[in-house]
Amino acid sequence: MVLFDRYKDGKQYALTFSYDDGCRQDRRLVELFNKYGFKATFNLFTNNLNHEDPGSIQGSELAELYKGHEIACHAYHHPHLERMTISAQYEEIIKDKEYLESCVGYIIRGMAFPFGTWNDDTLTAMKTAGIEYSRTVNSTGKLTIPESYATWAPTCHHSESEGPIRQFIYNIEKAPWRAGGLLYIWGHSYEFDQKDAVVNWEEMDRRLAMLAEHKDNIWSCTNVEVMDYLNAVKQLKTSANGKIYYNPTLIDIWVTVDGQPVCIKSGSSLTL
């Protein structure tokens, strides 16, 4: 029996993070993620960059600062997009995308909705601008794959992550039949400095350390990597008798065959 419940390298669980705005605390957060070997997506809005005040992140440092992670859009001025005309929404997204791409040298494919709000015109403007996914702030509390990449709902904000993290770890340790889970945590790095923060820097470090203890069975990935992998899985071709599987994509896909992880390499077939 073939189960489509594996991620890259045969890992049974996936972990991704998403942080907004591009504030100066991102420098410390990137160091923290790098300390544990975790990847994240950082959603930046251009108008928050290149200020003269001390600590402001500069466009010239984006490629190096976020190396190994993903940069995504957050609209040029961080407006309520749904209050704007469709053409104005498009301009907000495409201007942000264009500037960020000029800084990092790769195609920006994702974003997070400013204030977590949008309308149907926003989705059209995104698609026209070449944006393939966008994160909401509507946490599900679940460890499931997204129902829609255009309005991608995360598991939780980092302030509410204790329970989902413990459930995630429990599944890894005690419930291997629940393989395929995705933990998606979002937030803003400046929140760790707030006086009344539920999760400060020390607590975030502790939670990442808990997750790092189980890295052997966790695929740490950016948002776009999750989307690309899951989309590749959907493109697998199957013979009429269910004995042959062909992977036409550029991504190696892992599945479970009779309880064991098996890789169907890019452009290759698996015959049972």
Side-chain angles (χ1 to χ4, degrees), residues 4 7-8 13-22 26 33 38-46 62 66 68-76 78-82 84 86 89-101 103-104 106-158 180-188 219-235 249-251 253:
F4 303 95
Y7 295 102
K8 184 179 178 182
Y13 297 87
L15 171 66
T16 193
F17 297 89
S18 179
Y19 278 82
D20 298 352
D21 294 354
D26 276 7
F33 283 136
F38 290 139
K39 291 184 178 182
T41 294
F42 291 88
N43 308 289
L44 315 182
F45 69 99
T46 301
L62 296 186
Y66 297 104
H69 302 276
E70 177 194 5
I71 287 181
C73 292
H74 206 27
Y76 194 93
H78 197 288
H80 278 280
L81 290 170
E82 78 284 358
M84 307 171 71
I86 189 170
Q89 292 191 50
Y90 171 77
E91 285 300 315
E92 278 287 331
I93 296 169
I94 198 67
K95 284 179 63 179
D96 194 36
K97 184 177 189 288
E98 183 178 14
Y99 178 75
L100 295 176
E101 288 177 346
C103 293
V104 300
Y106 58 80
I107 298 173
I108 303 295
R109 300 168 57 200
M111 66 178 279
F113 296 115
F115 304 106
T117 58
W118 73 94
N119 60 16
D120 289 344
D121 284 347
T122 312
L123 305 185
T124 300
M126 281 168 45
K127 185 175 181 179
T128 305
I131 297 297
E132 300 171 48
Y133 76 83
S134 189
R135 198 211 73 233
T136 74
V137 296
N138 303 327
S139 300
T140 66
K142 300 177 180 179
L143 305 174
T144 53
I145 62 176
E147 296 181 3
S148 168
Y149 294 112
T151 55
W152 193 343
T155 304
C156 61
H157 184 272
H158 65 234
L182 168 67
L183 175 59
Y184 186 158
I185 298 172
W186 78 279
H188 305 84
W219 176 39
S220 176
C221 47
T222 64
N223 291 185
V224 76
E225 288 175 332
V226 173
M227 181 183 70
D228 282 346
Y229 185 85
L230 294 176
N231 280 340
V233 171
K234 292 179 180 179
Q235 294 181 60
T249 76
L250 298 176
I251 297 174
I253 296 172

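Starting from 1, each residue takes its place in the sequence as its number. Note that these values count all heavy atoms, side chains included, but never hydrogens, waters or copies made by symmetry.
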Exercise. Look only at the side chain of Glu101 and the backbone of Ile107, and say whether a donor-acceptor pair between them is shorter than 3.5 Å.
Key: no

Quiz item: In terms of ring plane angle, is the pair Tyr184 and Trp152 parallel, tilted or perpendicular, where the classes change at 30° and 60°?
Solution: perpendicular

Practice problem: Before giving the answer on side-chain contact (heavy atoms from CB on, under 4.5 Å), spell out for Thr46 and Lys95 the whole-Å C-alpha distance, their side-chain angles and the decisive distance to 0.1 Å. | Solution: CA-CA 8 Å; Thr46 301; Lys95 284 179 63 179; over 6 Å; no

Practice problem: Looking only at non-hydrogen atoms, find the nearest pair between Cys73 and Ile108 and report the distance. | Solution: SG-CG2, 3.6 Å

Quiz item: Side chain of Thr222, backbone of Lys39: donor and acceptor closer than 3.5 Å?
Solution: no

Exercise. Give me the one residue out of Asp20, Asn223, Thr151, Thr41 that meets side chain to side chain donor-acceptor pair (under 3.5 Å) with Arg135.
Key: Asp20

Practice problem: Kindly compute the distance separating OG1 (Thr124) from CH2 (Trp118), expressed to the nearest 0.5 Å. | Solution: 14.0 Å

Quiz item: Say you draw a straight line from CD1 of Ile93 to CG of Leu81; how long is it, rounded to the nearest 0.5 Å?
Solution: 5.5 Å

Self-check item: Test of ring centre spacing under 6.0 Å for Tyr19 and His158
Solution: yes

Self-check item: Step-by-step side-chain contact (heavy atoms from CB on, under 4.5 Å) determination, Phe113 to Met126
Solution: CA-CA 10 Å; Phe113 296 115; Met126 281 168 45; 3.6 Å; yes

Quiz item: Does a side chain donor of either Asp96 or His74 reach within less than 3.5 Å of an acceptor in the other side chain?
Solution: no

Quiz item: Hey, are the side chains of Pro154 and Thr136 touching, using non-hydrogen atoms and a 4.5 Å cut-off?
Solution: yes

Quiz prompt | Where Ser139 and Trp186 come nearest, the two heavy atoms and their spacing | solution = OG-NE1, 3.5 Å

Quiz prompt | Approximate separation, where rounding is to 0.5 Å, of Lys127 NZ and Ser134 OG | solution = 15.0 Å

Practice problem: Look up atom NZ in Lys142 and atom CD in Glu147, then write down how far apart they are to the nearest 0.5 Å. | Solution: 7.5 Å

Quiz item: Mind checking whether His157 and His188 have parallel, tilted or perpendicular rings, split at 30° and 60°?
Solution: tilted

Practice problem: Could you check Tyr229 against Ile253 for side-chain contact (heavy atoms from CB on, under 4.5 Å), going step by step and ending with a plain yes or no? | Solution: CA-CA 8 Å; Tyr229 185 85; Ile253 296 172; 3.9 Å; yes

Quiz item: Should Tyr7 and Leu182 count as side-chain neighbours, where that means a heavy-atom distance under 4.5 Å?
Solution: yes

Quiz item: Quick one: are Tyr66 and Leu44 in side-chain contact, heavy atoms under 4.5 Å?
Solution: yes

Practice problem: Specify the closest pair of heavy atoms between Pro79 and Pro114, including all atoms of both residues, with the distance to one decimal. | Solution: O-CB, 3.2 Å

Self-check item: Contact summary for Ser18 and Asn43, nearest pair of heavy atoms
Solution: OG-ND2, 2.9 Å

Quiz prompt | Any Ile86 side-chain heavy atom under 4.5 Å of Thr128 side chain | solution = no

Quiz item: Would you find a donor on one side and an acceptor on the other, under 3.5 Å apart, between the side chain of Thr155 and the backbone of Gly141?
Solution: no

Self-check item: Gly110 to Ala72 - nearest heavy-atom pair and separation
Solution: O-CB, 3.2 Å

Quiz item: Would a 4.5 Å heavy-atom cut-off, applied to side chains only, mark Leu15 and Phe38 as touching?
Solution: yes

Quiz item: Can you check side-chain hydrogen bond (donor to acceptor under 3.5 Å, both in side chains) on Thr122 and Asn119, steps first, answer last?
Solution: CA-CA 5 Å; Thr122 312; Asn119 60 16; 2.9 Å; yes

Quiz item: How many angstroms lie between atom CE of Met111 and atom CZ of Phe45, to the nearest 0.5 angstrom?
Solution: 12.5 Å

Exercise. Mark yes or no for whether Glu70, through its side chain, and Val224, through its backbone, hold a donor-acceptor pair below 3.5 Å.
Key: yes

Self-check item: Heavy-atom pair of closest approach, residues Gly116 and Val137
Solution: CA-CG2, 3.9 Å

Quiz item: Can you tell me if Glu132 uses its side chain to pair, donor with acceptor, with the backbone of Arg109 under 3.5 Å?
Solution: no

Self-check item: Close side-chain approach of Leu62 and Phe42, heavy atoms under 4.5 Å
Solution: no

Quiz item: From Thr117 OG1 over to Glu82 CD, what is the distance, rounded to the nearest 0.5 angstrom?
Solution: 3.5 Å

Quiz item: Hey, are the side chains of Met84 and Glu91 touching, using non-hydrogen atoms and a 4.5 Å cut-off?
Solution: no

Quiz item: When you measure from the side chain of Tyr106 to the backbone N and O of Ile71, does any donor-acceptor pair fall under 3.5 Å?
Solution: yes

Quiz prompt | Working for side-chain contact (heavy atoms from CB on, under 4.5 Å), residues His78 and Phe115 | solution = CA-CA 8 Å; His78 197 288; Phe115 304 106; 3.4 Å; yes

